[in-house]
Amino acid sequence: MSLRRDVRHGLRIGRAEFVRSLRGYASETRRIIGLLLLLLFFGGSLLFSLPAVYVVGRGAQSVTEIPFFDLVATAIPVGLALLATFRTLERIGRVENESLVLTTVHPQAVVIGLITAEIARIGLWFGLPLAVVAATFTAGLGAPSLLFTTAVVVAPLACCTTVWGYAAGVAVLRAFKRLPGVRRTLKVVGFVAMVGLVLVSQSFGRLLAEGSLPLEWLAATLTFGPLADYLALAFVGTPLARPFSAAAVVTFAAIVALTPVGLVVATRQASALWFTDRATGGDRGSSAASAEANGSPGGFSTPKPLAATSGGHVAWGLLVRGVRHPQKFTHLVMLAFFLGPLGTTIVQSSADGLGPLLAASGAGLGTYLAGATFGLNPIGDDRPQFPMLLLTPTAPRELVRGRVLAGVILGVPVAAALPLATVALGTSPLSAVGFALVGVFMCVAAAAFSVGIGAAYPIYEEREFWGATTVVPSTLVLMAFMFVVGPGTVIGLVATWFGVTGHLSATPLLAAGLGLYLLVTVGVSCGSYRYAVRRYRTYTFE
């Protein structure tokens with residue numbers, strides 16, 4: 001094995017992987033539109049923050065005057081390592097066409113290539129915005145050399161954290177492979193932890209504005225001094241330069257030394273993952289035999305309420321697949337960005353308003369789940385089975401109806417049970433029943449609408465997430481669903497609140513408004529459902 005040859009091959013693999021990523025970003029018009037919207041949203045936020053960065057650069061006289069520099073310097077490598085670990089679980093735990101690649105080059109070359117491509121992607125997505133911020137700060141400070149020294153200091157740190165993050169991610173994948181029974185539980189725990197992190201991060205700004213966070217204590221507790229001293233080397237040659245410290249030099253030496261060690265560890269972990277045989281079919285055969293002995297071939301048995309119709313069988317199959325493959329619901333994590341402000345409102349609400357607010361939140365949450373779980377990518381989700389599905393006696397409308405029913409089965413219990421449960425918190429029975437009935441209605445409408453908008457923009461490409469491949473809906477479809485269903489749900493819930501509290505009187509204007517709302521809601525949902533059925537009927541293979 002020649003390290004030089006592996007590095008040369010690895011750089012070629014990394015270049016090919018990075019170029020393939022760029023082509024994937026620009027492969028379809030909808031992806032380009034999505035990137036432009038992403039750039040518009042985050043780019044606008046970045047532009048608004050640049051004047052404050054410039055002012056900080058103009059007024060800074062020492063590193064200590066940069067707000068929370070030591071804490072941020074500690075968080076950067078931790079964040080990079082966690083990001084690399086998560087990306088390994090999600091995407092780069094394996095290489096494309098591994099049977100060809102692994103018989104052509106050494107695994108170390110493959111690892112170098114995957115890590116190199118990931119560093120390039122991280123530099124593209126995070127490096128460019130940070131470079132804009134650094135350039136603005138440099139302009140305010142009046143020290144052009146800061147850009148060069150920052151790149152020299154950050155580059156070794158990024159390489160080291162990415163290598164060890166990749167090694168940690170592959171180790172987790174190996175643990176998932178050896179412990180299949182624990183794998184699903186760990187995925188659920190990880191998903192819940194990620195949602196919790198999003199919710200906590202959204203509360204951080206409010207607590208910071210209120211002065212409730214002990215920032216000085218957090219900075220002193222979470223700061224790792226040697227890392228802060230090392231990143232302070234980026235200010236060498238500027239008015240903010242710190243005196244050289246032994247801790248900074250030792251940290252630099254440790255980063256340089258740990259990078260090749262991490263590469264060796266990552267290569268061994270990846271080789272063990274890639275070249276370990278999968279479980280034989282003996283266990284699966286015994287499981288199938290035991291399932292057949294219990295009268296349920298493959299463990300699949302449709303309950304009687306759903307077994308009466310073909311759509312019920314389809315719905316039950318989707319529910320079983322969702323339980324066995326929870327990665328299909330990764331797109332639901334976007335809900336956490338909306339639950340954060342809602343949770344803050346609930347916590348700050350008075351005792352009298354807590355029950356109605358929770359009732360309305362339950363109805364809205366059930367509506368979101370009914371539409372977003374199974375309906376936002378029906379054709380893309382079914383495409384691997386389309387040759388079989390389209391040749392079965394099951395009509396396309398039954399396939400679409402099954403998806404609508406599966407979403408309703410998940411959403412209705414939430415939309416009905418949570419409002420009814422708030423009676424214990426003081427909500428009047430009339431209000432609880434009203435919110436529950438409106439929630440059930442909106443669940444059906446959202447589920448029917450989602451299959452139409454999902455069928456209009458299907459996504460077929462699979463991507464790896466936590467060691468399993470899955471197809472997730474388009475971000476544009478998800479955002480369109482939320483922008484349509486969200487305001488419609490809010491209007492319905494607000495009207496329900498005013499109705500059950502007696503603040504609305506029967507007038508021709510109210511009747512016309514309510515009729516228009518119901519007409520639009522029912523019309524759009526029914527039209528979307530019929531469009532999805534037509535898309536199934538007219539689908540052709542290219």
Side-chain angles (χ1 to χ4, degrees), residues 18 22 25 32 35-84 118-162 201 204-205 208-209 213 215-216 218-219 222-245 247-249 251-252 255-256:
F18 180 66
L22 295 180
Y25 298 149
I32 297 176
L35 290 175
L36 291 177
L37 293 176
L38 191 67
L39 179 63
L40 180 63
F41 180 78
F42 290 102
S45 301
L46 179 63
L47 289 177
F48 279 110
S49 66
L50 292 181
V53 174
Y54 181 81
V55 171
V56 171
R58 289 279 295 178
Q61 300 297 326
S62 65
V63 174
T64 57
E65 295 183 9
I66 301 177
F68 308 108
F69 172 80
D70 292 349
L71 183 60
V72 173
T74 304
I76 287 176
V78 175
L80 288 175
L82 292 176
L83 177 63
E118 188 60 21
I119 291 175
R121 282 188 286 261
I122 292 175
L124 177 64
W125 288 104
F126 298 97
L128 290 180
L130 291 178
V132 173
V133 173
T136 305
F137 182 84
T138 300
L141 186 63
S145 63
L146 179 61
L147 292 176
F148 174 76
T149 55
T150 300
V152 171
V153 170
V154 172
L157 184 63
C159 294
C160 182
T161 53
T162 305
S201 64
F204 183 83
L208 182 63
L213 283 178
L215 292 178
E216 296 183 357
L218 287 175
L222 301 178
T223 296
F224 185 61
L227 273 177
D229 291 340
Y230 169 72
L231 287 177
L233 294 177
F235 297 105
V236 170
T238 70
L240 306 183
R242 283 184 180 179
F244 279 98
S245 65
V249 176
T251 303
F252 174 73
I255 290 173
V256 173

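For reference, positions follow the sequence shown, starting with 1. When reading the values below, keep in mind they use all heavy atoms of this one structure, side chains included, and skip hydrogens, waters and symmetry mates.
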Quiz item: Is there a side-chain contact between Leu233 and Thr149 (heavy atoms, below 4.5 Å)?
Solution: no

Practice problem: Measure the shortest side-chain to side-chain distance between Pro156 and Tyr230 over non-hydrogen atoms and say whether it is less than 4.5 angstrom. | Solution: yes

Working to the nearest 0.5 angstrom, can you tell me the gap between [X] [atom1] and [Y] [atom2]?
X: Leu141; Y: Thr136; atom1: CG; atom2: OG1; answer: 12.5 Å
X: Leu83; Y: Glu118; atom1: CG; atom2: CD; answer: 7.0 Å
X: Leu80; Y: Ile122; atom1: CG; atom2: CD1; answer: 6.5 Å

Where do [X] and [Y] come nearest, in terms of heavy atoms and distance?
X: Val236; Y: Ser145; result: O-OG, 4.4 Å
X: Thr223; Y: Thr74; result: CA-OG1, 3.6 Å
X: Phe137; Y: Leu146; result: CD2-CD2, 3.7 Å
X: Leu124; Y: Pro129; result: O-CD, 4.3 Å
X: Ala228; Y: Ala73; result: CA-CB, 3.8 Å
X: Val53; Y: Val133; result: CG1-O, 3.6 Å

Self-check item: Qualifying residue for side chain to side chain contact (heavy atoms under 4.5 Å, CB included) with Leu227, from Asp70, Thr251, Ile76
Solution: Thr251

Exercise. Check for a donor-acceptor pair, side chain of Thr161 on one end and backbone N or O of Ala158 on the other, with a separation under 3.5 Å.
Key: yes

Practice problem: Check the pair Thr150 / Leu130 against side-chain contact (heavy atoms from CB on, under 4.5 Å), numbers first and verdict last. | Solution: CA-CA 11 Å; Thr150 300; Leu130 291 178; over 6 Å; no

